[in-house]
Amino acid sequence: MCQTLAGNPVDMLTITTFGSDADEIRRRKACVISSRVHPGETGAQFMMKGVIDYLVGPSLGARILRDNFIFKIIPMVNPDGVINGNTRCSLAGVDLNRVWIDPQKKIHPTIYHLK
């Protein structure tokens, strides 16, 4: 999706049924799921793994979801904070949940690109 202030990659996964007609895929609604805005919320990583495992799994429910939606998943929004052991802040010392209204591309690149 983008790079952080420290140059770490922020991955975005796209999960859907890609074998469908292109027009059908364009009509699907998107669902964005993100995790680890606050690095100290380690339980969110386990939740995200469960969501991803379910969505890519073989169950009928997962197949119905993939056939009807496009999932955009950002497993770790604040990898700089995770790597550096912060509990709530980015490398800029900012709680990224507090900049959703007006994120700055250079200071809050992950939130800017996520929006």
Side-chain angles (χ1 to χ4, degrees):
M1 179 177 79
C2 68
Q3 288 189 329
T4 66
L5 291 175
N8 292 304
V10 178
D11 297 322
M12 180 171 64
L13 309 172
T14 301
I15 300 173
T16 193
T17 301
F18 288 101
S20 303
D21 174 77
D23 288 331
E24 180 184 332
I25 291 174
R26 275 193 286 277
R27 287 191 298 269
R28 292 181 189 160
K29 293 191 184 249
C31 178
V32 178
I33 305 171
S34 67
S35 178
R36 295 299 290 272
V37 173
H38 294 141
E41 296 169 351
T42 55
Q45 202 74 36
F46 296 103
M47 179 278 308
M48 185 59 76
K49 182 178 181 338
V51 168
I52 293 168
D53 287 349
Y54 179 78
L55 288 174
V56 301
S59 74
L60 175 61
R63 192 175 79 226
I64 290 169
L65 288 170
R66 291 190 306 265
D67 288 347
N68 290 285
F69 296 94
I70 299 171
F71 292 90
K72 298 288 188 176
I73 298 179
I74 301 88
M76 190 179 300
V77 175
N78 187 0
D80 289 350
V82 172
I83 291 166
N84 289 288
N86 296 353
T87 55
R88 290 191 69 81
C89 296
S90 68
L91 282 186
V94 175
D95 181 342
L96 295 176
N97 274 346
R98 304 294 176 248
V99 297
W100 276 100
I101 293 173
D102 187 27
Q104 304 301 306
K105 187 175 184 179
K106 289 191 180 217
I107 302 172
H108 323 109
T110 58
I111 303 303
Y112 179 87
H113 286 92
L114 180 54
K115 280 187 79 172

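Scanning for side chain to side chain contact (heavy atoms under 4.5 Å, CB included) contacts around R28 gives T16, T17, S20, E24, I25, I70, with sequence neighbours left out. Listed by chain and residue number, D80, L91, A92, P109 satisfy the side chain to side chain contact (heavy atoms under 4.5 Å, CB included) test with L5 (two or more places apart in sequence, or in another chain). Under the side chain to side chain contact (heavy atoms under 4.5 Å, CB included) criterion, M47 pairs with V51, sequence neighbours left out. Partners of S35 under the side chain to side chain contact (heavy atoms under 4.5 Å, CB included) rule, at least two apart in sequence or in another chain, are A44, M48.
Residues in residues 55-75 take part in no salt bridge (Lys or Arg N to Asp or Glu O under 4.0 Å) pair, two or more places apart or across chains. Applying the side chain to side chain donor-acceptor pair (under 3.5 Å) test to residues at least two apart or on different chains, the pairs with a partner in residues 44-62 are R36-Q45, K49-D53. Identified under the salt bridge (Lys or Arg N to Asp or Glu O under 4.0 Å) test for residues 101-115, with sequence neighbours left out: none. For residues 81-90, the salt bridge (Lys or Arg N to Asp or Glu O under 4.0 Å) pairs, not counting sequence neighbours, are R88-D95. Among residue pairs with one or both ends in residues 1-21, none qualify as salt bridge (Lys or Arg N to Asp or Glu O under 4.0 Å); sequence neighbours excluded.
Put simply, the side chain of F71 reaches to within 4.5 Å of the side chain of L65, judged on heavy atoms. At a threshold of 4.5 Å between non-hydrogen side-chain atoms, the residues H38 and T87 do not count as touching.
The CD1 atom of I52 sits 6.0 Å away from the CD1 atom of I15 when rounded to the nearest 0.5 Å. H108 NE2 to R98 CZ: the interatomic distance, rounded to the nearest 0.5 Å, is 12.5 Å.
Here the closest heavy-atom approach between residue A62 and residue G57 is recorded as CB-O, 3.8 Å. L13 approaches P75 most closely through the heavy-atom pair CD1-CG, 4.3 Å.
At a threshold of 4.5 Å between side-chain heavy atoms, the hydrophobic network of Ile, Leu, Val, Met, Phe, Trp and Tyr places F69 and I64 in two separate groups.
Here I101 is tied to no hydrophobic group at all, with no ILVMFWY side chain closer than 4.5 Å. When hydrophobic residues (I, L, V, M, F, W, Y) are linked wherever their side-chain heavy atoms come within less than 4.5 Å, the members clustered with I74 are M1, V10, M12, V32, V37, V77, V94, L96, V99, W100, I111, L114. Think of M76 as one node in a network of Ile, Leu, Val, Met, Phe, Trp and Tyr side chains linked at under 4.5 Å; its network also takes in V82.
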Task: Stepwise side chain to side chain contact (heavy atoms under 4.5 Å, CB included) check, N78 with T4 - done: CA-CA 8 Å; N78 187 0; T4 66; over 6 Å; no

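By the neighbour-count criterion of 12 heavy atoms within 6.0 Å, atom CZ of F18 is densely surrounded, having more than that number from other residues, nucleotides or ligands.
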